[in-house]
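Note that this is a predicted model, so its numbers are computed, not measured.
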Amino acid sequence: MFLETELLSTVKLPQKAKLIALNQTARISFVANKKVSFFDIPNGNLIGRLKDGQQVIVSAKILVDKTDWYKLIGYGWIPGYYLS
């Protein structure tokens, strides 16, 4: 069993990247009746999809390649422009 903080520490981050811990709710903001992909790490492998409008909990944020990525508890990483 892994704790969420242990999973965050295993993410391979760019040298200058700074991981910011969060604990807030958000909503998936994509296209009505469609799903958006989430990834194992920022710019990584697709591991699942979430429905537009689904509520999620964000546990971390990081800036990678000029894009804010957010870690969703129980899912994976998603670019910030898909959250509201």
Would you indicate whether the side-chain heavy atoms of Asp68 and Ile62 approach each other to under 4.5 Å?
-> no
State, with a plain yes or no, whether a side-chain heavy atom of Tyr82 is found less than 4.5 Å away from one of Phe38.
-> no
Approximate separation, where rounding is to 0.5 Å, of Ile28 CD1 and Leu83 CG = 5.0 Å
Which atom pairs, one a donor and one an acceptor, fall under 3.5 Å between side chains of residues 41-56 and the rest of the protein, sequence neighbours left out?
from  : atom 1 : to    : atom 2 : distance (Å)
Asn43 : ND2    : Asp65 : OD2    : 3.1
Asn45 : ND2    : Asp40 : OD2    : 3.4
Arg49 : NH1    : Ser37 : OG     : 2.6
Asp52 : OD1    : Phe30 : N      : 2.7
Gln54 : NE2    : Tyr75 : OH     : 2.8

Could you give all pairs that pass the side-chain hydrogen bond (donor to acceptor under 3.5 Å, both in side chains) test and reach residues 24-35, with sequence neighbours left out?
-> none
Which value, rounded to the nearest 0.5 Å, describes the distance between Lys71 atom NZ and Leu22 atom CG?
-> 12.5 Å
State, with a plain yes or no, whether a side-chain heavy atom of Val36 is found less than 4.5 Å away from one of Ile78.
-> yes
About how many Å separate CG of Leu19 and OG of Ser59, when rounded to the nearest 0.5 Å?
-> 8.0 Å
For Phe39 and Trp69 the tightest heavy-atom approach is CD1-CZ3, 3.7 Å
